[in-house]
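Report on one structure; see the data block that follows.
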Amino acid sequence: MANRGGFSSKLGFIMAAAGSAVGLGNIWGFPYEVGQGGGAAFVVIYLLFCFILCFPVMVTEIAIGRKSQKNAVGAFDYLGFKKWNIVGKMGILCGVLILSFYNVIAGWAFGYIFEMAVGNFDIANHFSEFIVDVFKVGAYGLVFMATTAYVVSKGISGGIEKAAKLLMPTLLFLIVSLVIYSLTLENAMAGVKFYLVPDFSELNGRVIYNAMGQAFFSLSLGMGALITYGSYVGKDDNIVTSAALITLTDVGIALIAGLMIFPLIGYMTEGAMTDVGRGPGLIFVTLPQIFGTIGGTLGAVVGTTFFILLCFAALTSTVSLLEVPVSYIVDEKNIKRSKAVWLVAGLIYLIGIPSLLGNGYSEYFSNFITYVGAESATDFLSFVGHVANDTLLPLGGCLIAFFAGHIWKKANLDDELAKGAPGYKGSFIQKYLNFAVSYLAPIVLGTLFVLTVLGTFFGINLF
Ligand code: PFF
């Protein structure tokens with residue numbers, strides 16, 4: 001077998017996987033999902049998903065990857081279950097879809113660096129015009145995709161690991177500073193209350209499906225990204241503790257990002273909390289306003305730095321998204337990494353063009369599809385998000401768990417997890433993971449998958 005490369009250290013893997021997990025999903029997606037999902041009740045459901053259901057799926061993905069040393073498709077072949085490689089193929093499709101729209105949002109964030117640098121805080125009031133300027137934002141997206149491709153072409157330890165190690169801690173520092181700032185503003189507490197005091201009367205099927213999709217998306221699960229990263233992990237790494245650290249980091253950063261945004265909204269709405277359900281534009285509208293209140297050069301410096309770091313967080317995620325199809329092609333089709341990278345990246349950029357046009361520029365893609373029973377049409381970008389994040393990822397998670405529990409068999413999972421973790425066998429966590437992959441995750445995720453499809457696309461809401 002050709003030398004596939006690998007992470008140079010335990011910390012390198014954790015940082016890269018956490019880098020994959022922490023991205024736009026945490027800082028852009030999580031606050032807007034919380035806003036649309038009615039606040040703290042969404043947060044509670046989201047946390048339950050992350051720790052109870054997603055964590056076991058994460059452990060399983062990494063174990064399958066490390067055992068097989070293969071990409072998301074080849075892993076199932078290697079373990080001797082060729083038919084199951086359909087799960088990997090679905091994952092690759094999902095990665096391609098996600099990256100196609102993710103790159104569009106990353107392009108917006110990239111463009112905001114320049115807007116903030118010149119102190120254009122007023123862009124908050126012109127966001128809808130900004131995103132219809134498709135040649136400009138399309139060019140930003142192109143640069144972003146090219147940067148992603150460049151990092152991936154450098155391979156595992158040279159590119160992905162190095163970038164993640166440096167940038168993740170810096171981002172955390174800046175967000176925490178902004179949390180402290182936003183908490184000092186007037187009416188900040190109205191935002192904190194909305195965010196942290198649950199009102200379960202807000203809860204319905206939609207909130208639960210979105211929380212599930214958000215949990216999988218944010219943790220980079222259900223599409224083989226962590227099978228792929230797991231394939232570069234050393235045999236003496238402790239998978240369970242690594243996965244725990246990755247989950248805690250990801251959830252922690254999402255929670256902190258919420259603590260940054262909602263007090264700001266409290267401040268801007270004078271405590272009325274009227275503007276929280278704004279949707280995908282939330283941070284692109286809220287944050288510039290707040291950098292504007294800092295004002296002057298300092299506001300511009302903070303704003304510019306923030307969007308630079310957001311782009312880096314997005315980059316460590318886009319890199320992992322691109323790595324999934326690339327490692328498949330490199331392993332299975334014997335194409336050179338550098339060639340595979342540019343080919344796939346170019347293709348995904350093209351697939352993303354309807355998502356770019358569907359934000360007001362093209363009538364057709366902006367009102368792409370009206371689901372059965374829905375009052376209004378859904379734009380292309382949101383449609384892809386519903387298909388990939390909310391539907392395919394949980395389905396992938398369900399199948400991966402079922403595979404480990406019943407096809408590959410628990411004993412093999414246990415053996416793999418015990419490597420690098422001497423006390424694993426016989427521990428409580430072993431018993432829990434066995435139960436989760438065999439029963440809990442397949443049943444709960446399978447049921448919710450069916451309910452999500454019925455509720456989202458066919459207007460049949462069973463609760
Ligand atoms: N977890 C990333 C985020 O929250 O931004 C998005 C993502 C990356 C999803 C990699 C899936 C994936 F495989």
Side-chain angles (χ1 to χ4, degrees), residues 22-35 39-40 42-43 105 108-127 130 166-197 218 248-314:
V22 176
L24 294 173
N26 306 59
I27 295 157
W28 158 78
F30 179 71
Y32 102 68
E33 293 277 6
V34 173
F42 177 96
V43 179
I105 319 277
W108 299 347
F110 185 53
Y112 261 51
I113 295 176
F114 306 103
E115 302 294 336
M116 293 301 107
V118 296
N120 180 17
F121 307 119
D122 193 39
I123 188 136
N125 300 314
H126 301 281
F127 178 63
F130 175 79
L166 175 71
L167 300 166
M168 297 283 298
T170 324
L171 176 70
L172 184 61
F173 173 78
L174 192 71
I175 300 179
V176 170
S177 312
L178 283 169
V179 169
I180 295 169
Y181 175 70
S182 70
L183 285 174
T184 61
L185 295 168
E186 217 174 313
N187 291 313
M189 282 307 137
V192 173
K193 186 164 164 250
F194 172 84
Y195 180 49
L196 295 179
V197 182
S218 186
L248 286 172
T249 308
D250 185 61
V251 170
I253 293 196
L255 290 177
I256 297 172
L259 210 51
M260 167 179 76
I261 301 286
F262 290 105
L264 300 181
I265 300 177
Y267 168 73
M268 277 165 353
T269 59
E270 296 179 352
M273 298 305 290
T274 40
D275 222 9
V276 285
R278 178 184 284 281
L282 184 68
I283 71 157
F284 291 101
V285 174
T286 315
L287 288 174
Q289 277 175 314
I290 216 68
F291 298 139
T293 68
I294 303 175
T297 315
L298 183 61
V301 170
V302 175
T304 311
T305 316
F306 180 86
F307 281 102
I308 291 176
L309 292 173
L310 181 61
C311 283
F312 279 122

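Computed from a predicted model, the values in this text were never measured in an experiment.
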>> Using 0.5 Å steps for rounding, measure from the CD1 atom of I175 to the CG atom of L310.
In response: 8.0 Å
>> Taking the side chain as everything from C-beta on, heavy atoms only, tell me whether T249 gets closer than 4.5 Å to L172.
In response: no
> Looking only at heavy atoms, what is the nearest atom pair of A188 and S182, with distance?
Replying inline: CB-O, 3.5 Å
>> Test your reading of the model: is there a side-chain donor-acceptor pair from Y195 to the backbone of L255, 3.5 Å cut-off?
In response: yes
> Any side-chain heavy atom of T305 sitting closer than 4.5 Å to one from M116?
Replying inline: no
> With side chains defined as the heavy atoms from C-beta onward, is the minimum distance between T170 and F173 less than 4.5 Å?
Replying inline: no
> CG/L264 to CG/N187 distance, rounded to the nearest 0.5 angstrom?
Replying inline: 12.0 Å
> Rounded to the nearest 0.5 Å, what separation is found between the CE atom of M268 and the CD atom of E186?
Replying inline: 14.0 Å
Could you give the side-chain donor-acceptor pairs of residues 283-300 under 3.5 Å, partners two or more places apart or in another chain?
from: T286; atom 1: OG1; to: L282; atom 2: O; distance (Å): 2.7
from: T293; atom 1: OG1; to: Y181; atom 2: OH; distance (Å): 3.1
from: T293; atom 1: OG1; to: I290; atom 2: O; distance (Å): 2.6

Acceptor/donor pairs from residues 24-35 side chains to any protein atom, 3.5 angstrom cut, sequence neighbours excluded:
from: N26; atom 1: OD1; to: G23; atom 2: N; distance (Å): 3.0
from: N26; atom 1: ND2; to: D250; atom 2: O; distance (Å): 2.9
from: N26; atom 1: ND2; to: D250; atom 2: OD1; distance (Å): 2.8
from: W28; atom 1: NE1; to: P280; atom 2: O; distance (Å): 2.7

> Parallel, tilted or perpendicular: which describes the rings of F114 and F110, with under 30° parallel and over 60° perpendicular?
Replying inline: perpendicular
> Can the ring centres of Y112 and F306 be said to be less than 6.0 Å apart?
Replying inline: no
>> Within the structure provided, determine whether L183 and V192 are in side-chain contact (heavy-atom separation under 4.5 Å).
In response: yes
>> Before you tell me yes or no, could you show the steps for E115 and F121 under side chain to side chain contact (heavy atoms under 4.5 Å, CB included), namely the whole-Å CA-CA distance, both residues' side-chain angles and the distance that decides it to 0.1 Å?
In response: CA-CA 7 Å; E115 302 294 336; F121 307 119; over 6 Å; no
> What do the steps show when you test L178 against V302 for side chain to side chain contact (heavy atoms under 4.5 Å, CB included), and what is the final call?
Replying inline: CA-CA 9 Å; L178 283 169; V302 175; 3.9 Å; yes
